[in-house]
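Report on the structure given below.
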Amino acid sequence: EPEVTQTPSHQVTQMGQEVILRCVPISNHLYFYWYRQILGQKVEFLVSFYNNEISEKSEIFDDQFSVERPDGSNFTLKIRSTKLEDSAMYFCASRAGGGRETQYFGPGTRLLVL
Amino acid sequence: AQSVTQLGSHVSVSEGALVLLRCNYSSSVPPYLFWYVQYPNQGLQLLLKYTTGATLVKGINGFEAEFKKSETSFHLTKPSAHMSDAAEYFCAVTGGTAGGGNKLTFGTGTQLKVEL
């Protein structure tokens, strides 16, 4: 069964450093999402992406964040200058579209900013 | 705008007992509703969803949920709990066909503990 994959599974970085989280959505899916879950809190929407552009973003998704689909398979989230409060589990999700509403989630990347 | 309230951050049941996890939603448009399960150190797995049609939906692992528009609820049930059901359960809502990018809005989650 097709699945969303994410790399790395864990990343430790120093405050102020740039990180890139990578996702491979399910092939032929058209909509892509990033969510995050701070430890002990609920899953929060960050951004949605369709047709090579951002379709919606949350207040959390400020200028430090960017997303890109550099090729036909990868979908990346970049945090330009990490802060302590960026420490969280980041989930990528994809959706087929065309009336199929289920978002399929990857296993997540646990980011720790020191 | 949508929001989700999950009553009870922790629920404990005995093995074989009924599981009931509560979810109430708020939505300005007809909602699509989802239940996801998260096992320790894993991602989110879809249990079941309601979009349109039959209001009682069945999912994986014996779970089911009923959409009640009048009560703005989408409670998750399972007749008989198994030890393997211990996990965190998230209710989520999206704005259906009016939702644009269809972002999911999640509740705060309910940790289910199953005891012998």
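Per chain, numbering begins at 1; letters A, B, ... match sequence-line order. Not measured: the values here are computed from a predicted model.
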Interface moiety of B:L44 toward chain A, non-hydrogen atoms closer than 4.5 Å: both
Heavy-atom proximity to chain B below 4.5 Å, by part of A:F91: side chain
Cluster check A:F32, A:Y50: I/L/V/M/F/W/Y, side chain < 4.5 angstrom: no
Transitive ILVMFWY side-chain link A:Y31 to A:V43, under 4.5 Å: yes
Toward chain B: residues of residues 12-19 of chain A with heavy atoms under 4.5 Å: none
Pairwise distance NZ(B:K103) to OG(A:S55) - rounded to 0.5 angstrom: 10.5 Å
Residues in residues 105-116 of chain B that sit under 4.5 Å from chain A, counting heavy atoms only: B:F106, B:G107, B:T108
Joint hydrophobic cluster, B:V93 plus B:W35, side-chain heavy atoms closer than 4.5 Å: yes
More than 12 heavy atoms of other groups within 6.0 Å of B:R22 CZ: no
Close side-chain approach of B:Q38 and A:Q37, heavy atoms under 4.5 Å: yes
Note, A:T102 side chain near B:Y32 side chain (heavy atom, < 4.5 Å): no
Transitive ILVMFWY side-chain link B:M83 to B:V19, under 4.5 Å: yes
Over 12 non-hydrogen atoms of neighbours within 6.0 angstrom of CG in A:D63: no
Results of side-chain contact (heavy atoms from CB on, under 4.5 Å) for A:T109 - residues two or more places apart only: A:Q6, A:P8, A:L21
Close side-chain approach of A:Q103 and B:Y36, heavy atoms under 4.5 Å: yes
Close approach to chain B in residues 81-90 of chain A, criterion heavy atom under 4.5 Å: none
Donor-acceptor under 3.5 Å (A:E101 side chain, B:N102 main chain): no
Spatial distance of atom CG (B:L46) from atom CZ (A:F105) [nearest 0.5 Å]: 9.5 Å
Path from A:I54 to A:I60 over hydrophobic side-chain contacts below 4.5 Å: yes
Residue part contacting chain B, namely of A:Y35, when any heavy atom lies under 4.5 Å: side chain
